[in-house]
Amino acid sequence: MSAMKSYIFLVLSIFLLHSSMAQETLDYATEIIPVLRKHCYNCHNVGNAKGGVNLERYEEEGRIIKEGQLWLKVVDMVKTKEMPPSNKPSLDETDYHVLVDGINGILVKSLEKKTPGKVIIRRLSHSEYQYTILDLTGISYDANGRFPADGSGGGGFDNQGGSLFFTPLKMERYYDAAEEIVSNLLEEPKKWQKLVPVRYRQSLWQRFLNWLMPKLYADFELVNTPEKAAEKVIFPFAGKAFRRLIKVDEKENFISLFKKVYQTMPGEPDPQRFNRSVAEVFKAILISPSFLYKMEEEPVVNEPVPLSDFELANRLSFFLWCSMPDDELFQLAVQGKLQEPEVLENQVRRMLDDPKSIRFAESFVSQWLGINKLKDPNAPLAELARFPQFTQSIREAMFKETTSFFHHVLTERKNFLDLISSDYAFLNEELAEYYDIEGVQGNDFRKVALSNTNRGGFLGMGSVHSVTSLPTRTSPVLRGKWVLEEILGTSPPPPPPDVAELPEDEGLHEDLGLKALLEQHRSDPACQSCHEKMDPLGLGLENFDADGKWRDSYGNTPIDPSGVLASGETFEGPAELKSLLLKEKEQFARNISKKSLSFAIGRGITFTDEMAVRDLSAVLMENDFNPDSFITELVKSYPFRMKIKDFQKKVNEID
């Protein structure tokens, strides 16, 4: 988008936003509550909170604002005609306007004063630790395999502060890791020399001078001391490891530790003595909180303040590379230039073009889609006894297919809509044969044109089919729920506590098919409203078995992948279903915006982020889902660039 077009778009967005805010001044008590009472309170009241939602308790406007995220969902369900349900009277135009525009006006007005995210002090995730160690030392360390597993936070990602706990066992493992990493460094001369380019040794003459001259001159400065040589290698290493300029007291502590270790080995010759002393300081650096944590200084004032250049460099590098800043980012931070818009935009382009951006692709998309299970041999996926071709090798190939595809869309194709449907896939020979696609040879993954678009996009990938199935069969309900949540960003309400499970009789499945069984299941009124949204989405993918292979029947019964969406639109199979999903651009744009922002800032998305989410969604819609403009806008966004002293207190004070 040209600069002029960007400017016009910005002006229009601001004009429309302020226009809507100016127009929607409906009074909550006298205008909005009567409509809620008329259409909503029958099912969402104190004694009958359907879906766990009691709207009757929101008696004042301030309560809506305090739980803005819930009310955003209420507005969305009214806009998409999901509420009121089909068996209740529908809203006329006036009531629709009151609920959608009136509530939205209250929510938008409450966000006029922006609130960024809290100061981030969170531990490196295992993958971040692994990549940071690799970039810092050149040593490859399997952190995911060696450290106790972490959970995922509010956004579903492992870099969320709420899930990165610190335990005594983890501290032990960090000590062990530092010992192993530095020992490996010492055993690899080229890698050690890159970090310690000094081959330290004092000549006989220097030793003689250092012994004699202090006896003659009190102010004599010793020549070629080990401490001075150590400074030249320890300080640069510490600066890179801590991802900032190191402080005076830290420098003193490093050299003090070096001296103590050096003095314990009087009989050992240099450079071995020097190297072993430096190695001990390196170990101390690798177990320091300044290395293990991503730290941002607490603001002195109570108002939001911008990140420092080093904090911004860290957010950028851990977002797009899952690792520490490189020399170029570090130097821009030293020079105070990183905040400049043009510099920041250039860095985003450079970082996305760098091969290290594959780390972002792998980490982000694998957690977004939930396909990390493919790498876990104990995950409850398709059973080998029933699906003998679903080997660990195929599972790993499916994982690679998905991450390679996403990286291509991000860096070359540059259109996120391909994630829903594409006319190409990324395959190697083994996976192509598994999918019955001809003409692919070799172990390397490459872009393969598809003659049949059933396979294109996320919904055609074996990785998604396997993680949305049960070990012995497919599950249209799980798949439908997955499409709603991970593609469209909406969640069905939880099932009633006494809901019956589908029968697991294999003969019944083969004779009737899952479609007929689900039709029987959702004949129960308690199940109907949820299943009419989920089931068609899942049934449209039924040609893909639990192991991701294509099939045409359940034993004796042909598969019928046709369906009708809740909107009334019909489709005949996976390709047509994806075409219908491509029409849901607003929902898809919002979902990508929320997922990406959560991953980038390392916390779950809250109501205070709503305007940033809307801005990001608008950028996607306006720029044909181009990742470049989207990522650039994200790193320039208020939540990414700003911080506040006491975030939780600010959220609680909104009224």
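The first residue in the sequence is number 1, and the count goes up from there. What you are looking at is a predicted structure, and each value in this text was computed from that prediction instead of being measured.
- Checked by atom type, the side-chain pair S422/R455 shows no donor-acceptor distance below 3.5 Å.
- Between F458 and F406, the ring-plane angle classifies as parallel under the 30° and 60° cut-offs.
- Side chain to side chain, N184 and Y141 fail the donor-acceptor criterion of an N or O pair below 3.5 Å.
- Here the side chains of D444 and N428 are not in contact, with every heavy-atom distance at 4.5 Å or above.
- Shown here for E128 and K294, the closest heavy-atom pair between the two residues is OE2-NZ, 2.8 Å.
- Aromatic ring centres of H407 and F360: separated by at least 6.0 Å.
- Under the 3.5 Å distance criterion, with hydrogens and angles disregarded, no donor-acceptor pair is assigned to the side chains of E187 and S183.
- A side-chain donor from one of S393 and E430 sits under 3.5 Å from a side-chain acceptor of the other.
- Between H408 and F426, the two ring planes are tilted [angle within 30° to 60°].
- With no hydrogens or angles considered, a side-chain donor-acceptor pair links E542 and T474 at under 3.5 Å.
- Taking the six-membered ring wherever Trp is involved, the centroid distance between the rings of W550 and Y434 does not fall below 6.0 Å.
- With hydrogens and angles ignored, the 3.5 Å screen pairs a side-chain donor or acceptor of S596 with a backbone N or O of I592.
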- Message: For L320 and I631: C-alpha separation, side-chain torsions, deciding distance, then whether side-chain contact (heavy atoms from CB on, under 4.5 Å) applies.
- Response: CA-CA 9 Å; L320 296 178; I631 298 291; 4.1 Å; yes
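- At most 12 non-hydrogen atoms from other residues, nucleotides or ligands lie less than 6.0 angstrom from NZ of K481.
- Side-chain contact between N144 and S127 is present, with heavy atoms from C-beta onward closer than 4.5 Å.
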- Would F318 and L124 count as a side-chain contact (heavy atoms from CB on, under 4.5 Å) if you check the C-alpha gap in whole Å, the side-chain angles of each, and the deciding distance to 0.1 Å? CA-CA 9 Å; F318 280 103; L124 299 181; 3.7 Å; yes
- From CA spacing to verdict: salt bridge (charged side-chain N to carboxylate O under 4.0 Å, His left out), E412, K447: CA-CA 11 Å; E412 295 187 48; K447 184 179 178 182; over 6 Å; no
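- For the atom pair CG of L286 and CG of L136, the computed distance is 6.5 Å after rounding to the nearest 0.5 Å.
- With respect to the salt-bridge test (charged N to carboxylate O, under 4.0 angstrom), the residues K375 and E396 do not qualify.
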- Derivation of the side-chain contact (heavy atoms from CB on, under 4.5 Å) call for L581 and S421: CA-CA 9 Å; L581 291 175; S421 182; over 6 Å; no
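- A salt bridge links K583 with E569; the closest basic N to acidic carboxylate O contact falls under 4.0 Å.
- One finds a salt bridge joining D326 and R350 here, because a Lys/Arg side-chain nitrogen approaches an Asp/Glu carboxylate oxygen to under 4.0 Å.
- A salt bridge links K414 with D628: at least one charged nitrogen is closer than 4.0 Å to a carboxylate oxygen.
- For the 3.5 Å distance criterion, the side chains of N454 and N452 qualify, holding a donor opposite an acceptor.
- Ring geometry for F157 against F364 counts as parallel: the plane angle stays under 30°, on a 0 to 90° scale with 60° as the upper cut.
- A salt bridge links D609 to R603: one of the charged nitrogens lies within less than 4.0 Å of a carboxylate oxygen.
- Counting only residues at least two apart or in different chains, ring-ring contact (aromatic ring centres under 6.0 Å, His included) contacts with residues 469-492 are absent.
- When ring centroids are compared, F625 and F630 stay outside the 6.0 Å threshold.
- Between F445 and F405, the ring center distance fails the sub-6.0 Å criterion.
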